[in-house]
Enquirer: 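Sending over a structure as structure tokens; questions will come in a sec.
As a basis for the values below, the full set of heavy atoms in this structure was taken, side chains included, without hydrogen atoms, waters or symmetry mates. Bear in mind that the values here come from a model prediction, so they are computed numbers and not experimental data.
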Amino acid sequence: MNLAAHRIPLPGQRIWRSMIAVWLCFGVYFLRGRSGIPFYSVIAALQCMQPYNREMGKVAQKRIVGTLIGAFWGLTVLLLELELLYEGVPDELPHYLLLGLFTGVVLYSTVLLKAREAAYFSVVVFLSVAVNHIGDVNPYLFAFRRLLDTVIGVLVAEFVNRVHLPRLRRTETLFVSGVGDTILGADRKLSPYSRVELNRLIEDGARFTVSTCETPATVRELLSGVDLRLPIITMNGAALYSVPDRAYLRCFPLAEEKSRRLMAWLDEKGCSYFSNSVEENLLVIRYRALANPGMEQMYARKRVSPYRNFVRSETDPAAQILYFLVLDTPERVAAVHDALSAEPWAAEYRVVTEKSEFEGYVRLKIYDAAVSKAAMLRVLEERLGTKETVTMGSVEGAYDVYIRDADRDQVVKELKRRFEPVDLRGWRNIFRI
């Protein structure tokens, strides 16, 4: 049995913080002389516990606004029924008809107040006031306490979410990670833990980016939901791309004469290929024919992305081509690789063979000889004015940090340890705004 695949994960920060928030809510309840209903404080606190501070603020705002709207209309119904329509507890049928009517009023009021996101909370509070406590000695006092209990829960969540251990932050260090076997698991997916923690670290000032053989379109798909604020190194160093701006900042294309020579050589060998170029900040992928099932599968899967543009062309322009891609069987790719290596001009190109996601096919990519991730990293360091860089990858000896098991979220754990080590000198970071 593979124990790593069946390991029990340790509780995350959100679980621990939720436990602390519950304890604090009950603690406030006892300090108030057991006044109020702590259940509502606990529910509000748990709903406001979010992985990111900005999300917590939005949920807290929705909770308070919803409580205010619901409490207002709940009190209105109580006043209408107990003071104006009836002398005591109202009859059931008229009471329920009125509740249904005012449920619509509550929802419509969230629309008029441009607070639609608080609609659910508003209705829940309204019904808890108007349904459960209309027979109380003082239902108005309950409505006030309901609002107070909610505010207490929101404040507890704000406090718990923003208090942290004292940590120093290395905001001047650039952290660069690989993608495939480094930050992604064996299923080529980013774990929920890594996504949440990575975004939190970036929000706290970590200078994090990735360096990969993939195109920007593939990076967007694989790291969906990650707030990549710094430029990323893509296509084995052939391009530097800004995800927020959707712009190529730097490219290392093949010279036209090199592209023409290579296209003529591939045509002579009867080898079909894709040429990848950047034109007007768009990735353009040209091909003459989909010569095998692997190419057909790639085209069918990749063409749906808005960040790729496939063009069938009998005469490929030779300008601004970043690399050529041959997708074929391992035997065919090996033969092309050996033949290309035997050419007298082979040293002018960089040839990379990679496994592909299409069964029975491998990729052969051909770049300019000067293209490399290390060369583009130097460009990025100069652009950012970086004095220290920490690289993380799955090839032992090739990176500052060797990632043995991506399935254990090693990259994010290592980033957290190096970016914000626990240190009393970081007392200013105990409370995060």
Enquirer: Just by distance, do the side chain of D400 and the backbone of T391 share a donor-acceptor pair under 3.5 Å?
Expert: yes
Enquirer: Suppose the criterion is side-chain hydrogen bond (donor to acceptor under 3.5 Å, both in side chains): which pairs have a residue in residues 340-349, not counting sequence neighbours?
Expert: R261-E348, R261-Y349, W265-E343
Enquirer: Is the F208-F419 ring centre distance short of 6.0 angstrom?
Expert: no
Enquirer: Between R220 and L228, does a side-chain contact (heavy atoms from CB on, under 4.5 Å) hold up when you go through it step by step?
Expert: CA-CA 9 Å; R220 281 179 171 275; L228 293 170; over 6 Å; no
Enquirer: Which atoms form the tightest heavy-atom contact between T182 and S177, and what is the distance?
Expert: CG2-OG, 3.5 Å
Enquirer: What's the shortest heavy-atom distance between F274 and M298, and which atoms?
Expert: CE1-SD, 3.8 Å
Enquirer: Considering non-hydrogen atoms only, spot the tightest contact between M235 and T215 and give its length.
Expert: CG-CA, 4.1 Å
Enquirer: Which distance, rounded to the nearest 0.5 Å, do you find between the CG of L364 and the NE2 of H337?
Expert: 6.0 Å
Enquirer: Could you tell me whether the side chain of P293 reaches within less than 4.5 Å of the side chain of Y361, counting heavy atoms only?
Expert: yes
Enquirer: Would you mind reporting whether N161 and R17 have side-chain heavy atoms less than 4.5 Å apart?
Expert: yes
Enquirer: Are side-chain N/O atoms of R195 and S224 paired as donor and acceptor at under 3.5 Å?
Expert: no
Enquirer: How many angstroms lie between CZ in R207 and CG in L384, if you round to the nearest 0.5 Å?
Expert: 5.0 Å
Enquirer: Rounded to the nearest 0.5 Å, what separates atom CD1 in I152 from atom OH in Y29?
Expert: 11.5 Å
Enquirer: Salt-bridged, R378 to E381, with N to O below 4.0 Å?
Expert: no
Enquirer: Main chain of C213, side chain of K365: is a donor-acceptor contact present, judged purely on distance under 3.5 Å?
Expert: yes
Enquirer: Set out, in order, the CA-CA distance, both residues' side-chain angles and the distance that settles side-chain contact (heavy atoms from CB on, under 4.5 Å) for L174 and L380, then state yes or no.
Expert: CA-CA 10 Å; L174 176 63; L380 178 59; 4.2 Å; yes
Enquirer: Are E357 and R188 ion-paired here, with the side-chain N under 4.0 Å from a carboxylate O?
Expert: no
Enquirer: Is the shortest distance from a Lys or Arg side-chain nitrogen in K387 or E172 to a carboxylate oxygen in the other one below 4.0 Å?
Expert: no
Enquirer: For a quick test of your reading: what N or O donor-acceptor pairs under 3.5 Å do the side chains of residues 319-335 make, sequence neighbours left out?
Expert:
from, atom 1, to, atom 2, distance (Å)
T329, OG1, R332, N, 3.3
R332, NH2, K269, O, 3.0
R332, NH2, G270, O, 3.3

Enquirer: Check V278 against C251 and note the closest heavy-atom contact, atom names and distance.
Expert: CG2-SG, 4.2 Å
Enquirer: Does the side chain of L340 reach to within under 4.5 Å of the side chain of L262, using non-hydrogen atoms?
Expert: yes
Enquirer: Residues two or more places apart in sequence or in another chain: which of them pass side-chain contact (heavy atoms from CB on, under 4.5 Å) with E414?
Expert: M392, V401, R417, R418
Enquirer: Side-chain contact, heavy-atom cut-off 4.5 Å: D227 with E203?
Expert: no
Enquirer: Taking side chain as C-beta onward, heavy atoms only, is F126 less than 4.5 Å from T103?
Expert: yes
Enquirer: Side chains of D149 and I43: closer than 4.5 Å at any heavy-atom pair?
Expert: no
Enquirer: Please report the shortest heavy-atom distance between S109 and W73, naming the atom on each side.
Expert: OG-NE1, 3.4 Å
Enquirer: Thinking salt bridges, do E221 and R301 make one under a 4.0 Å N-O criterion?
Expert: no
Enquirer: Would you say the side chain of L283 lies within less than 4.5 Å of the side chain of Y248, judging by non-hydrogen atoms?
Expert: yes
Enquirer: Set out, in order, the CA-CA distance, both residues' side-chain angles and the distance that settles side-chain contact (heavy atoms from CB on, under 4.5 Å) for R383 and R250, then state yes or no.
Expert: CA-CA 11 Å; R383 184 183 185 92; R250 184 73 178 272; over 6 Å; no
Enquirer: Other residues, nucleotides and ligands only: do more than 12 of their heavy atoms fall within 6.0 Å of NZ on K413?
Expert: yes
Enquirer: R312 side chain to R288 main-chain N or O, any donor-acceptor pair under 3.5 Å?
Expert: yes
Enquirer: Picking from I403, L198, D409, what satisfies side chain to side chain contact (heavy atoms under 4.5 Å, CB included) with I183?
Expert: L198
Enquirer: Looking only at atom types and distance, does a side-chain atom of N236 sit under 3.5 Å from a main-chain N or O of S372, one as donor and one as acceptor?
Expert: no
Enquirer: N199 side chain to G225 main-chain N or O, any donor-acceptor pair under 3.5 Å?
Expert: yes
Enquirer: Distance check, rounded to the nearest 0.5 Å: T150 atom OG1 versus I37 atom CD1?
Expert: 10.0 Å
Enquirer: Within the side chain of E388, is there an N or O that forms a donor-acceptor pair under 3.5 Å with the backbone of T173?
Expert: no
Enquirer: Could you go step by step and tell me if I69 and V125 meet the side-chain contact (heavy atoms from CB on, under 4.5 Å) rule?
Expert: CA-CA 8 Å; I69 294 173; V125 174; over 6 Å; no
Enquirer: Out of curiosity, T209 OG1 to Y241 OH, how far, rounded to the nearest 0.5 Å?
Expert: 12.5 Å
Enquirer: Answer yes or no: is there a donor N or O on one side and an acceptor on the other, between the side chain of S305 and the main chain of K302, under 3.5 Å?
Expert: no
Enquirer: Give a yes or no answer on whether the side chain of R350 reaches the backbone of D368 with a donor-acceptor pair at less than 3.5 Å.
Expert: no
Enquirer: What is the minimum heavy-atom distance between D405 and Q410, and which atoms define it?
Expert: N-OE1, 2.7 Å
Enquirer: Hey, could you give me the CD1/CE distance between I232 and M376, rounded to the nearest 0.5 Å?
Expert: 11.0 Å
